[in-house]
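Since we're looking at a predicted model, the values are computed, not measured.
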Amino acid sequence: MTSGPLRVQTAGTVLFADYPPGDVYGPRTLSSFELVWLLTGSARHIWSRPRAGELEAGTTPLRPGQLVLATPGTRDTFQWDPRRATRHAFIHFMITDPAGLPPTWRWPMVRDLVTAPILSGICDYLLELAGLGTDAARRRSDELVTLLVDLYVTGPLAAAEPDLPTQVAAAVDRVRSLWAADGMRIVPVEELCGAIGVSSGHLHRVFRDHYGTGPARCFELIRLARGAVSLQRSNAGLAEVARQVGYTNPYHFSRRFRQAYGCPPGRYRGTADPVDPLEPLRLGGLLPLAGRLLSL
């Protein structure tokens, strides 16, 4: 947490924007801070921002369950889902007292809500306040965005990374870079081993020793957790959710999801009190690994 009273002033409560399939927004240059999170669909976020006297640039695939925090001076473009309409929530704000926050060029561009349920809860509350239109809702939005920025930048997600075994850390970093570039997909163990220079047998032994199962299953449980979040937080169809988390066949996704969560995806979405999306990760001791992998 910050050492002083961080002060944030929003431009109002959360707003919503809808875009048809294949639409593009930008390029634009931000003069304020902006939080963005997708509610339906997907996008590619193409961005650049000043970084310690140089220019940092990247392209981030976005889907429901991720939160973007863009800083003033960022120049970006959103390429919206080419197959379906996209809806996202956003709010602009200014920081009137940085209260010891690190320089903005050190802030992550995106955080994953799968591994940060507190951020997810704050975003949900901001959505509830958006429909009230009162001065009290505006004041409460300022308070929530202040907390959200604090946690996003310096809170639990910024804690020291877990001390993973060398081969596990190398495998996670490789999968992380592939998912950042291509979106979630199945990464064959043979491909992974070739990239990090270890044998398949050795990598399996290391993962089994620490997590009780092999690397393919560990990464699959993380993909399924992302799918569970999408089922809870978006209206995306089953085929779309399956595609988002690396399954080309929705029936394969349904079968694997049922094994992990005890019910098929459709029933999971319709259950009033479903299993926590993170529960299989907790049971497998995979939360530290998922935190490192999904904080892209």
Side-chain angles (χ1 to χ4, degrees), residues 1-2 6-19 25-49 56 58 60-80 86-99 101-133 137-158 229-230 233-234 294-296:
M1 302 293 286
T2 56
L6 172 68
R7 296 183 184 277
V8 165
Q9 182 177 0
T10 66
T13 54
V14 170
L15 299 174
F16 301 89
D18 298 276
Y19 288 89
Y25 175 54
R28 49 125 192 215
T29 301
L30 282 168
S31 59
S32 62
F33 294 85
E34 183 185 49
L35 286 162
V36 177
W37 62 105
L38 266 63
L39 303 176
T40 61
S42 64
R44 288 173 59 83
H45 185 211
I46 304 167
W47 54 270
S48 62
R49 63 180 179 181
E56 177 188 23
T60 307
L62 299 177
R63 56 192 64 83
Q66 291 177 303
L67 177 66
V68 173
L69 201 172
T71 57
T74 297
R75 185 168 177 80
D76 63 5
T77 299
F78 289 88
Q79 297 177 345
W80 305 110
T86 301
R87 183 171 226 224
H88 72 274
F90 67 97
I91 187 167
H92 288 271
F93 63 94
M94 296 301 296
I95 296 180
T96 57
D97 184 352
L101 289 176
T104 56
W105 57 263
R106 293 179 56 190
W107 296 14
M109 181 62 71
V110 63
R111 288 294 197 190
D112 201 289
L113 300 179
V114 169
T115 55
I118 187 170
L119 297 186
S120 179
I122 294 172
C123 288
D124 287 344
Y125 191 14
L126 284 169
L127 296 181
E128 291 182 21
L129 293 173
L132 299 181
R138 166 69 178 274
R139 290 192 298 271
R140 183 54 56 89
S141 290
D142 283 1
E143 295 169 357
L144 289 171
V145 173
T146 298
L147 177 60
L148 189 61
V149 171
D150 192 347
L151 292 172
Y152 185 105
V153 177
T154 65
L157 286 178
V229 171
S230 291
R233 294 179 55 81
S234 80
L294 294 179
S295 296
L296 302 175

Just so I know, are the side chains of [X] and [Y] near enough to count as touching, which here means a heavy-atom distance under 4.5 Å?
X: Val110; Y: Trp47; value: no
X: Leu35; Y: Val14; value: no
X: Phe93; Y: Asp142; value: no
X: Leu67; Y: Leu148; value: yes
X: Leu38; Y: Gln66; value: no

Thr60 versus His45, side-chain donor and acceptor atoms under 3.5 Å: no
Nearest 0.5 angstrom please: [X] [atom1] to [Y] [atom2], how far?
X: Leu39; Y: Phe16; atom1: CG; atom2: CZ; value: 6.5 Å
X: Glu143; Y: Leu129; atom1: CD; atom2: CG; value: 9.5 Å
X: Arg63; Y: Asp112; atom1: CZ; atom2: CG; value: 8.5 Å
X: Ser32; Y: Leu30; atom1: OG; atom2: CG; value: 6.0 Å
X: Ile122; Y: Asp150; atom1: CD1; atom2: CG; value: 9.5 Å
X: Leu144; Y: Ile91; atom1: CG; atom2: CD1; value: 9.0 Å

Crowding at CZ, Arg44 (>12 non-hydrogen neighbours, <6.0 Å): no
Minimum heavy-atom distance between Ala89 and Leu127, given as atom pair plus value: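 Taking every non-hydrogen atom into account, CB-CD2, 3.7 Å.
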Distance-minimising heavy-atom pair for Ser230 and Pro64: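 Scanning both residues completely, I find the closest heavy atoms to be OG-O, 3.9 Å.
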Salt bridge (charged side-chain N to carboxylate O under 4.0 Å, His left out) partners for Arg75, two or more places apart: none
Residues which pass side-chain contact (heavy atoms from CB on, under 4.5 Å) with Thr71, listed by chain and number, not counting sequence neighbours: Phe33, Arg49, Leu69, Thr74, Thr104, Trp107
Where at least one partner belongs to residues 25-39, residue pairs that pass salt bridge (Lys or Arg N to Asp or Glu O under 4.0 Å), sequence neighbours excluded: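 Sorted result for residues 25-39: Arg28-Glu34, Arg28-Asp76.
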Those residues that, when tested against Tyr125, pass ring pair (Phe, Tyr, Trp, His ring centres under 6.0 Å) (two or more places apart):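 Counting only residues at least two positions away or on another chain, Tyr125 forms no ring pair (Phe, Tyr, Trp, His ring centres under 6.0 Å).
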All ring pair (Phe, Tyr, Trp, His ring centres under 6.0 Å) counterparts of Trp80, not counting sequence neighbours: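 So Trp80 forms a ring pair (Phe, Tyr, Trp, His ring centres under 6.0 Å) with Tyr19, Phe78, His88.
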side-chain hydrogen bond (donor to acceptor under 3.5 Å, both in side chains) against Ser141, all qualifying residues, sequence neighbours excluded: none
